[in-house]
2 protein chains.
Amino acid sequence: MATLKDVAELAGVSVKTVSNVVNGYSFVKPENERKVREALAATGYKPNVGARNLRRGRTGFIALMVPELSIPYFGELAGGVITAAHTHDWSVLIEQTQGMRDPEVATLASLGPHMVDGAIISPEALLTDDLTHNPTGVPMVLLGEHALDVPIDHVGIDNVQAARIAVRHLISMGRNRIAVIGQNPDRGTATQRLAGYHDALNEVGLTCPPEYVAPAVRYHHRDGAEAMARLLALPEAPDAVFCFNDMLAHGAVRAAAERGYHVPQDIAVVGFDNTEHSKYSLPSLTTIAPDKAALAKAAVNLIHERSNGDSSPVQDVQIPFTLEVRESTTG
Amino acid sequence: MATLKDVAELAGVSVKTVSNVVNGYSFVKPENERKVREALAATGYKPNVGARNLRRGRTGFIALMVPELSIPYFGELAGGVITAAHTHDWSVLIEQTQGMRDPEVATLASLGPHMVDGAIISPEALLTDDLTHNPTGVPMVLLGEHALDVPIDHVGIDNVQAARIAVRHLISMGRNRIAVIGQNPDRGTATQRLAGYHDALNEVGLTCPPEYVAPAVRYHHRDGAEAMARLLALPEAPDAVFCFNDMLAHGAVRAAAERGYHVPQDIAVVGFDNTEHSKYSLPSLTTIAPDKAALAKAAVNLIHERSNGDSSPVQDVQIPFTLEVRESTTG
DNA sequence: CGGCGTATTTACAACGTTGTACCAACGATG
DNA sequence: CATCGTTGGTACAACGTTGTAAATACGCCG
């Protein structure tokens, strides 16, 4: 609880001199510097971050808004953001929204300009209107979601292209009854991935029935399992499925196995996100692997530039990705 | 950026009156309250949290220190902490340590008393010395780790008993060559779980060779896979393995499968933590399931009580757990 | 030795908020 | 009518820090 004042009294100098020593400013007489440093050590002084930031006009925090940290993809992403934030001396405040609009709006509203220096948000259900006049008053970056037509920086991967590559891969292994799991008109990424799916089919003149486009409200294992169950119950079941995230895919794989289908022999599965587990599952999962570290870094860097007054046009940063081919498509 | 002063000028009242309205204090003439509310709306006033906290002497944040958010267990835990924190109007600041001592010590040191109102820490490599004189000056709660002999509140499960139950379960299915994966003298929880393992064996007069105690430095899939590979290469391979977390278990299952072993027929596997994925893996994983929501809630509540001046003796809160029996032990 | 430029230090204000103490107006009471 | 209590409102200081500008000390030149 020692303050600059306490240290100053002990060292016999002014408060400002101590402040100068602490901040490495200006010229301080060696003699005094020594005394101040001793006093600092003796009192165990720690700067009051709140007061400092009040004075400096920054907070030292950035916010990260995600649906749920318990979703591996967001856990991994958050880890990357924290790491990247540290390079700019930022700590990360994490808020969860369960992917629902009300909490998303509420969270944005609570992020006063005085609470954080910036916000990285992963919108799930936000509407364009919710973002048109920046509700936080602070630099923002949108992750993943690209469909919102708002003048806010965005970082993500080319979803259309990624989906195209995933489906091409299925086609190249000779599959021609290719389904998708995860259609959801409320999710911009879903719409884009679906477009990529159709592109890839069209490229080779393949057509698949509309029942092959399986919707999913949430993107959890359970949803993938349920969707797969419905697909396999079709008169003509698909021989490959492209899932819009890895959890859907793992759920789908399990549902298939429960019904006696072998992956990939009977039905091949591709996921999206490349979460840690997908490398070790049985079968291991072929999946689109975005460079999550690069994603986090780019987002944090954008916030950093903006908060330093950069007012260049809105940016849309594309992050590289790869297709990780694993057992679920190599039989 | 509107401040109380701006609002006050617009409404034609004093700054303090606006403050009173904002905080619902005292008696304000309806007439004035109306004017103030109008001015508040007109200016879009948002309180400056930093200034408020400087004045009030609290920060509105608590810190959560974990090894890595990308580890599903910690992702799930963090989600629970955030949820619990919200019930006390706290936001959560998350720091990662990679489970290494230096970052752990550094993080604790950086948590000034003015940065957060409390800290929930999940120590991995911290030594008793690092915690003897509370380095944060703020209420702390230790998670999971119980072996550190320090006067700090602790929340966790009864690791010895949990391990005992897990191993008893393996014994009850007729296995008698039972190994463990995850031994690590630097981890208190590992030591406790190992004790429970030995307890369970002793109860039925079973003895297992020391090679059946497989060490693991980190607790990732890879470590589990490597340990399992070594176990299966023994002259007499085990017919069951108790892994000290789910990731080790999943890695072990995969390693077994790669060598043609069937789980659970040839070798049964039990995990620890019950991460989301374990319900959907192939085979689904039998595991010890701590009540993570309760864990998070208890930790946050402890911080809350302590920060309200509660100075009762150090507490050790035991959180309930169950054994979730799934396919990896039911053949 | 007076004066001047540079090195070092300091007092003061300010960041935006809230607690304290005080002031004003009012009606009610003796 | 003087006093008092209640209700409503305000001025001021303070939280701990740092920027600004002004003050002091130092060394050197003429």
Side-chain angles (χ1 to χ4, degrees), chain A residues 1-37 39-40 43-61 89 110-117 137-138 307, chain B residues 1-37 39-40 43-61 89 110-117 137-138 307:
Chain A
M1 336 284 172
T3 71
L4 283 183
K5 197 165 148 230
D6 302 327
V7 179
E9 281 169 10
L10 185 57
V13 297
S14 80
V15 172
K16 191 64 214 291
T17 298
V18 180
S19 171
N20 286 339
V21 171
V22 170
N23 293 289
Y25 274 173
S26 160
F27 304 73
V28 179
K29 211 191 321 180
E31 161 72 6
N32 277 347
E33 164 147 12
R34 191 187 48 73
K35 281 196 291 190
V36 169
R37 293 215 177 278
L40 282 172
T43 55
Y45 171 79
K46 296 251 195 79
N48 180 325
V49 191
R52 169 178 291 173
N53 293 337
L54 171 60
R55 187 61 242 249
R56 288 189 179 165
R58 69 188 294 268
T59 72
F61 299 111
D89 285 326
S110 78
L111 260 37
H114 311 289
M115 185 106 161
V116 294
D117 296 332
V138 107
S307 71
Chain B
M1 334 276 178
T3 71
L4 283 183
K5 197 167 147 226
D6 302 329
V7 179
E9 281 169 10
L10 185 57
V13 298
S14 81
V15 172
K16 190 64 213 288
T17 297
V18 180
S19 170
N20 287 339
V21 171
V22 170
N23 292 289
Y25 276 171
S26 160
F27 305 71
V28 179
K29 210 196 311 184
E31 161 70 5
N32 277 348
E33 166 147 10
R34 191 185 49 74
K35 281 198 291 189
V36 169
R37 294 215 177 279
L40 283 172
T43 55
Y45 171 78
K46 296 251 195 80
N48 180 325
V49 191
R52 169 179 290 174
N53 292 338
L54 172 60
R55 188 61 241 244
R56 288 189 178 163
R58 69 188 296 269
T59 72
F61 299 111
D89 286 325
S110 77
L111 260 38
H114 310 289
M115 185 108 162
V116 293
D117 297 331
V138 107
S307 72

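No experiment lies behind these values; they were computed from the predicted model shown. Just so we're on the same page: letters track the sequence lines, and every chain starts at 1.
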In terms of side-chain heavy atoms of [X], which of [options] is nearest?
X: Ser19(A); options: dC15(C), dT7(D), dT18(D); result: dT18(D)
X: Asn20(A); options: dT17(D), dT10(C), dT18(C); result: dT10(C)
X: Arg55(A); options: dC15(D), dA11(D), dG19(D); result: dG19(D)
X: Ala51(A); options: dG16(D), dT17(C), dT18(D); result: dG16(D)
X: Leu54(A); options: dG8(D), dT17(D), dG16(C); result: dG16(C)
X: Phe27(A); options: dG8(D), dT8(C), dT17(D); result: dT8(C)

*Would you call Arg52(B) and Val22(B) a side-chain contact if the rule is heavy atoms closer than 4.5 Å?*
yes
*Do Asn48(A) and Leu54(B) come within less than 4.5 Å of each other through their side chains, counting heavy atoms only?*
yes
*So what does Thr3(B) hit on the nucleic acid, given a heavy-atom distance under 4.0 Å: a base, only sugar-phosphate, or nothing?*
sugar-phosphate
*Have a look at Asn23(B) and say if it touches a base, only the backbone sugar-phosphate, or nothing, with a 4.0 Å heavy-atom cut-off.*
sugar-phosphate
*asked:* On a heavy-atom basis, which atom in Lys46(B) and which in His114(A) lie closest, and how many Å separate them?
replied: O-CD2, 3.9 Å
*asked:* Taking 4.0 Å as the cut-off, does a side-chain nitrogen or oxygen of Arg52(B) come that near to OP1 or OP2 on dG16(C)?
replied: no
[X] [atom1] to [N] [atom2], straight-line distance once rounded to whole Å:
X: Met115(A); N: dT17(C); atom1: CE; atom2: P; answer: 14 Å
X: Tyr45(B); N: dG16(C); atom1: OH; atom2: P; answer: 10 Å
X: Lys46(B); N: dT17(C); atom1: NZ; atom2: P; answer: 13 Å
X: Glu9(B); N: dA11(D); atom1: CD; atom2: P; answer: 12 Å
X: Asp6(A); N: dC15(D); atom1: CG; atom2: P; answer: 10 Å
X: Arg58(B); N: dT17(C); atom1: CZ; atom2: C1'; answer: 14 Å
X: Asn48(A); N: dA14(D); atom1: CG; atom2: C1'; answer: 13 Å

_DNA chain C: 5'-proximal contact among Gly50(B) and Lys29(A) (nearest heavy atom)_ = Lys29(A)
_5′-ward residue of the pair Lys5(B)/Thr17(A) relative to DNA chain C_ = Thr17(A)
*On DNA chain D, check which nucleotide each of Arg56(B) and Asn32(B) is closest to and give me the residue with the more 5' one.*
Asn32(B)
*CD-OG1 distance between Glu33(A) and Thr17(A), expressed to the nearest 0.5 angstrom*: 11.0 Å
*Do Lys16(B) side-chain and dG19(C) base share a donor-acceptor contact under 3.5 Å?*
yes
*asked:* Has Ser19(A) got a side-chain atom pairing as donor or acceptor with Val15(A)'s backbone, closer than 3.5 angstrom?
replied: no
